[in-house]
Amino acid sequence: SAAGDEIPVFISLKNNGDVALHDVKVAVMIQDLSLRSSFGPFDLGRNDRKTGTIYVTLPADTAPGLYPVRVSLSSDEKSRVVHREIEVLQ
């Protein structure tokens with residue numbers, strides 16, 4: 001990706017648990033760039049799947065390099081966080 005680009009973050013969720021999840025929210029954060037975007041709330045029943053795309057726009061003055069991305073899922077019942085990286089080329 002390059003500075004100023006809109007980056008799609010593809011999200012795929014599956015509830016493998018024994019209970020339905022209520023008021024699920026998904027957030028993508030790039031703290032080094034002060035960026036946050038989210039979607040939800042929605043419910044996710046047992047064995048249900050949900051996919052979506054969250055778009056994050058990189059600031060025009062973003063320097064090239066690797067940036068940590070935090071993806072968090074929270075609901076009334078559970079929460080989970082995963083970390084990924086994006087590379088800004090120009």
Side-chain angles (χ1 to χ4, degrees):
S1 297
D5 281 358
E6 184 176 62
I7 301 170
V9 179
F10 302 104
I11 306 293
S12 180
L13 309 170
K14 182 177 180 188
N15 181 359
N16 292 325
D18 294 334
V19 298
L21 302 176
H22 302 283
D23 294 326
V24 177
K25 298 174 195 80
V26 179
V28 174
M29 290 171 276
I30 306 174
Q31 188 168 355
D32 293 350
L33 301 175
S34 300
L35 295 177
R36 185 180 194 282
S37 189
S38 63
F39 74 87
F42 56 90
D43 293 338
L44 196 62
R46 290 180 49 220
N47 296 313
D48 280 354
R49 291 181 183 268
K50 175 84 171 176
T51 59
T53 305
I54 299 176
Y55 292 92
V56 178
T57 302
L58 297 174
D61 61 350
T62 302
L66 291 174
Y67 292 88
V69 178
R70 181 180 192 258
V71 180
S72 63
L73 174 142
S74 63
S75 73
D76 291 344
E77 296 80 17
K78 299 276 184 185
S79 64
R80 181 163 183 211
V81 174
V82 295
H83 294 91
R84 301 290 184 259
E85 284 187 332
I86 61 161
E87 183 174 12
V88 176
L89 301 175
Q90 323 176 3

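The chain is numbered in sequence order, starting from 1.
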Nearest-0.5 Å distance that lies between atom [atom1] in [X] and atom [atom2] in [Y]:
X	Y	atom1	atom2	answer
Ile30	Arg84	CD1	CZ	13.5 Å
Lys50	Phe42	NZ	CZ	5.5 Å
Ser37	Glu6	OG	CD	9.0 Å
Asn47	Asp18	CG	CG	9.0 Å
Asp48	Asp43	CG	CG	9.5 Å
Ser1	Ile7	OG	CD1	4.0 Å

Closest non-hydrogen atom pair, Ala3 against Val88: N-CG1, 3.9 Å
Over all atoms of both residues, closest heavy-atom pair of Ser75 and Val24: CB-CG2, 3.8 Å
Evaluation steps, side-chain contact (heavy atoms from CB on, under 4.5 Å), between Thr51 and Arg49: CA-CA 7 Å; Thr51 59; Arg49 291 181 183 268; 5.7 Å; no
Any donor-acceptor N/O pair, Glu77 side chain to His22 backbone, under 3.5 Å: yes
Exam field: side chain Asn15 to backbone Leu44, donor-acceptor pair closer than 3.5 Å: yes
Stepwise side-chain contact (heavy atoms from CB on, under 4.5 Å) check, Glu85 with Val69: CA-CA 5 Å; Glu85 284 187 332; Val69 178; 5.9 Å; no
Measure the shortest side-chain to side-chain distance between [X] and [Y] over non-hydrogen atoms and say whether it is less than 4.5 angstrom.
X	Y	result
Val71	Val81	no
Leu33	Thr62	yes
Ser72	Met29	yes

So if you build clusters from Ile, Leu, Val, Met, Phe, Trp, Tyr with side-chain heavy-atom gaps below 4.5 Å, do [X] and [Y] land together?
X	Y	answer
Val56	Leu66	no
Phe10	Ile86	no
Leu73	Leu35	yes

Stepwise side-chain contact (heavy atoms from CB on, under 4.5 Å) test for Asp76 and Leu21: CA-CA 7 Å; Asp76 291 344; Leu21 302 176; over 6 Å; no
Lys25 to Phe39 six-membered ring, cation-pi geometry met (6.0 Å, 45°): no
Heavy atoms from other residues, nucleotides or ligands near NZ of Lys14 exceed 12 (cutoff 6.0 Å): yes
